[in-house]
Amino acid sequence: MAGTGVFAEIFDGEMCKYYADGEWKKSSSGKSVPIINPTSRKTQYKVQACTQEEVNKVMDTAKSAQKSWAKTPLWKRAELLHKAAALLKEHKAPIAECLVKEIAKPAKDSVTEVVRSGDLISYCAEEGVRILGEGKFLVSDSFPGNERTKYCLTSKIPLGVVLAIPPFNYPVNLAVSKIAPALIAGNSLVLKPPTQGAVSCLHMVYCFHLAGFPKGLISCVTGKGSEIGDFLTMHPGVNCISFTGGDTGISISKKAGMIPLQMELGGKDACIVLEDADLDLVASNIIKGGFSYSGQRCTAVKVVLVMESVADALVEKVKAKVAKLTVGPPENNCDITPVVTESSANYIEGLVKDAKEKGATFCQEYRREGNLIWPLLLDNVRPDMRIAWEEPFGPVLPVIRINSVEEGIHHCNASNFGLQGCVFTKDVNKAILISDAMETGTVQINSAPARGPDHFPFQGIKDSGIGSQGITNSINMMTKVKTTVINLPTPSYTMG
């Protein structure tokens, strides 16, 4: 059970502690932040409301711990990460329980997230040993006008203190996707978890605590974004920020200063369906891509752009599959579970009302109970409707009928987002041409958008982000190149 057994140290009564300097602490503020269960809409947990002074102490400790960690042999860093990965998998049940109660993720998917996170950590440890164990050797006479009088040695060194801010929808997986690359590269790590998902993150951090990482190397501070959010992201002790979330990331990028940024900020992922597409395959992927975890995924299918000639047939196939989706609490492993907050549900409802007023065709009756919204397919959506452009982050999917491929590409590229997209066609040549024309970080051919596998590059353009994620890219982003040049008194050549 969450908060019991090995995890009992996290809790002080019904309140979770925060983690700093290798210890579980109570904030001097005496205040807390409630974690609302999306299903019951009642307080499930409480976390500490850390102060700015406590953030300062965490940053000082992180800076000091990083200096020692950077001197730790690479194999030893990897060994500790493997240990943390094993502990995470061993304790998957209580961590998954937190995900069910905090973010209403179906129970089976919650377990999958924790196991996947352990796999990510292990892969990162192995990849880090390979990437960081290599350097480059350059000689000067390859550039015109030079003789071989200089030997250049390059290696990758850590940046310092990495600030990691994951989102609510994958709080464990998207936290470790930042933590593991930072640590293997020799950085220290300060984690600011999302409010919904904070307790899951604290349980995950406890696994790193049990693994035996040095004190102060990893910290997890909880609190109100209004009090410590900007303070963290603008803190002079931070050397890199890895953020996944929404519009807040744009604000962070404008304030952060001259430090490396890794930002994934959501999308309006378009699904373009051509006339020759396998409609059964398309329908299955629309259900998977548009409605899994109630559509609360950055890489969810957010708009279907289908050729008019096959639109009727596709809509009927999708409607039949929507009718089979189960709706209810996450404990029952339902397909559609409550969205994370009441404000999210209200926002989604606003998009639905706008579409209704402007004449969209409702393929199902709109139904809502509290935070639970039944799956809804909207046909005959037009560009003047908000749902055509805005990201609902819920189980509502618009269908726009198009008369040409160019029309579909235009709609995709007119969006201020550019995370992922997908194309369904049996003509690989058309698929490649359309993929090249779509202004998105990734295009999936004959499959719904997806972030994984976790070692694949993952990036957005426009308002969807800065930089690229994926294990290898994250390790490289969280390091910088260090060069040492040996100057020789006379040119040196290999003996002939």
Fill in: side-chain hydrogen bond (donor to acceptor under 3.5 Å, both in side chains) evaluation trace for T222 with Q48
CA-CA 6 Å; T222 56; Q48 304 289 326; over 6 Å; no

Worksheet item: Stepwise, does the salt bridge (Lys or Arg N to Asp or Glu O under 4.0 Å) test hold for E357 with K353?
Response: CA-CA 6 Å; E357 290 169 3; K353 286 182 176 178; over 6 Å; no

Practice prompt. Assess whether side-chain hydrogen bond (donor to acceptor under 3.5 Å, both in side chains) is satisfied between S309 and E275, documenting all intermediate values.
Written response: CA-CA 7 Å; S309 60; E275 292 167 315; 2.8 Å; yes

Item to complete: Please lay out, stage by stage, how S200 and E102 fare under the test side-chain hydrogen bond (donor to acceptor under 3.5 Å, both in side chains).
Response: CA-CA 8 Å; S200 308; E102 283 190 285; 2.5 Å; yes

Worksheet entry | Intermediate values then yes/no, side-chain hydrogen bond (donor to acceptor under 3.5 Å, both in side chains), K46 and S32 | CA-CA 6 Å; K46 293 179 182 178; S32 65; 5.0 Å; no

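By the 4.0 Å N-to-carboxylate-O rule, E369 lies close enough to R367 to be salt-bridged with it. In summary, E391 and K268 do not engage in a salt bridge, as defined by a charged side-chain N under 4.0 Å from a carboxylate O. A salt bridge is absent between K83 and E79; no separation between the charged side-chain nitrogens and carboxylate oxygens falls under 4.0 Å. Ionic pairing of D384 and K358 is not present here: no N-O contact between side-chain nitrogen and carboxylate oxygen is shorter than 4.0 angstrom. The pair K426-D278 does not count as a salt bridge, with every side-chain nitrogen at least 4.0 angstrom from each carboxylate oxygen. Between E97 and K101, at least one side-chain N (NZ, or NE/NH1/NH2) sits under 4.0 Å from a carboxylate O, which counts as a salt bridge. The pair R401-D379 meets the salt-bridge criterion, with a side-chain N (NZ, NE, NH1 or NH2) lying under 4.0 Å from an Asp/Glu carboxylate O.
Each of H203, K89, M204, K92 was compared with V114 under the side-chain contact (heavy atoms from CB on, under 4.5 Å) criterion, and only K92 meets it. With S468 as the partner, the side chain to side chain donor-acceptor pair (under 3.5 Å) test is satisfied by one option alone out of Q262, Q459, E264: Q459. Of the candidates L163, I228, V238, T233 forms a side-chain contact (heavy atoms from CB on, under 4.5 Å) with just one, namely L163. For the side-chain contact (heavy atoms from CB on, under 4.5 Å) test with R116, the passing option among V176, D109, V111, D454 is D454; the others fail.
Counting heavy-atom neighbours within 6.0 Å of K108 NZ, excluding the residue itself, gives a total above 12.
The cationic atom of K105 (NZ for Lys, CZ for Arg) lies less than 6.0 Å from the six-membered ring centre of Y293 and within 45° of the ring axis.
With hydrogens and angles ignored, the 3.5 Å screen pairs no side-chain donor or acceptor of S464 with any backbone N or O of F417. Counting only distance, with no hydrogens or angles, the side chain of K302 and the backbone of G267 share a donor-acceptor pair below 3.5 Å. Between the side chain of N333 and the backbone N or O of A107, at least one donor-acceptor pair lies under 3.5 Å. A donor-acceptor contact shorter than 3.5 Å is absent between the side chain of S294 and the backbone of I336.
Aromatic ring centres of Y206 and W24 lie closer together than 6.0 Å.
In this structure, the separation between NZ on K321 and CG on D335 is 12.0 Å, given to the nearest 0.5 Å. Rounded to the nearest 0.5 angstrom, Q469 CD and F458 CZ are separated by 6.5 Å. One finds the CG atom of L305 at 5.5 Å from the CD1 atom of I402 (value rounded to the nearest 0.5 Å). To the nearest 0.5 Å, atom OG of residue S242 and atom CG of residue N187 are 11.0 Å apart. Atom CG of L351 sits about 4.5 Å away from atom CZ of R386, to the nearest 0.5 Å.
Side-chain N/O atoms of T248 and S251 include no donor and acceptor closer than 3.5 Å.
For the pair I409/N413, a side-chain contact is recorded, criterion being any heavy-atom separation below 4.5 Å from C-beta on. Between L397 and I286, the closest side-chain pair of non-hydrogen atoms falls below 4.5 Å.
Below 30°, between 30° and 60°, or above 60°: for H209 and Y19 the angle between ring planes is above 60°, a perpendicular geometry.
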